[in-house]
Amino acid sequence: MDPVIASGVFALGLIFGSFLNVCIYRLPRGLSVVLPGSACPHCGKHIRFYDNVPVLSWLILRGRCRKCQGRITARYAVVELLTGFLFLCCYWNLGLTIAMLKCVMFGFLLLGLIFTDAETHLLPDKMTLPGLAFGLIISLFVPINDLASLLLSSAVQFPVSSDFSWRLFSFMDAGFGAIIGSSFLYGVGAIYLRARGVEGMGFGDVKLMAMIGAFLGVRLTILTIFAASIAGSLFGMWTVLAVWIKRTQRRKHVFHESGPAARRRAWGSAVVALRRHQMPFGVFLGSMGLVAFFYGQQFLRWYWRLL
Ligand SMILES: [Zn+2]
């Protein structure tokens, strides 16, 4: 790894992270990400270039606007740093290659979608659909080596060059990944709607999974959905427990209820709270998609050996 290139890549990541913050704020609000330039979300004042340096400006101004002293959330610095490290990590693993471009693009889109979903419960089409198209196209240049490649390449012999056939199989893998990922999520959403009468998953999640599928292929897509469901359930249980404990304490101390009665009533309201609270499932799908991209193959190899 060349230290000069590595620092350049990291700096580029910080700049892209800064742009990603603009997207996270503006895309769900239907605003242009190009014009006008950066402005304070509180007073609307234009932010000068010297106050717009990734991470540093946020630290120097201690997370406040220079003009109105309004709070600027730590998310700005966090997203910039994460994008910087993402770029560095892709370069570290893959060098300056097309595979690195794919890795960078996937991580960039997912970071944006994760934070947008967490803040607004929206997954903008302007991120997922171009992402889906990019994932399909890049599969023609970076092999996915999934089911179609593994099963078909030995079974079907094309009367054309091997260079053409691996691209075709890789593209099929991306396509199958997108179809399986989105239809799986669509199915789960439909069952959820039937069973609980509330919409647990929107079309945003379905399109997000189509995009993830195009980047990962079928196997890692299924792995992503399973891992995200487990992570989401654990998070849900943790939330219920936390709310339950907190409300039991309050009932005991404020309303002077007896232990068992306080626990019983608090449990009821904790379950209701979870049902009302819409979990941003895209956060779990996105982060598990990233984990699967970096560690999924290793995990599957380890898993098959275990069986
Ligand atoms: Zn301001």
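Ligands are counted one by one from 1 in listed order, and the atoms in each one are counted from 1 as well.
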Cut-off 3.5 Å, no hydrogens considered: what does the side-chain donor-acceptor table look like for residues 37-51, sequence neighbours left out?
from: Ser38; atom 1: OG; to: Asn52; atom 2: ND2; distance (Å): 3.2
from: His42; atom 1: NE2; to: Arg71; atom 2: O; distance (Å): 2.6
from: Asp51; atom 1: OD1; to: Arg66; atom 2: NE; distance (Å): 3.4
from: Asp51; atom 1: OD1; to: Arg66; atom 2: NH2; distance (Å): 2.8
from: Asp51; atom 1: OD2; to: Arg66; atom 2: NE; distance (Å): 2.6

Quick one: how many protein N/O/S atoms are under 2.8 Å away from the Zn ion (ligand 1)?
4

Does the ring center of Phe215 lie less than 6.0 Å from the ring center of Phe293?
no

Sequence neighbours left out, cut at 3.5 Å: what donor-acceptor pairs do the side chains of residues 177-185 make with other protein atoms?
from: Ser182; atom 1: OG; to: Ala178; atom 2: O; distance (Å): 2.7
from: Ser182; atom 1: OG; to: Ile179; atom 2: O; distance (Å): 3.3
from: Ser183; atom 1: OG; to: Ile179; atom 2: O; distance (Å): 2.4

Surrounding CZ of Phe294 (heavy atoms of other residues, nucleotides or ligands, distance under 6.0 Å), is the total greater than 12?
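Yes.
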
Side-chain donor-acceptor pairs under 3.5 Å in residues 7-24, sequence neighbours left out?
from: Ser7; atom 1: OG; to: Pro3; atom 2: O; distance (Å): 2.5
from: Ser7; atom 1: OG; to: Val4; atom 2: O; distance (Å): 3.3
from: Asn21; atom 1: OD1; to: Arg75; atom 2: NH1; distance (Å): 2.9
from: Asn21; atom 1: ND2; to: Gly17; atom 2: O; distance (Å): 3.4
from: Asn21; atom 1: ND2; to: Tyr76; atom 2: O; distance (Å): 2.9

Give a yes-or-no answer on whether the side chains of Ser269 and Arg247 include a donor-acceptor pair shorter than 3.5 Å.
yes

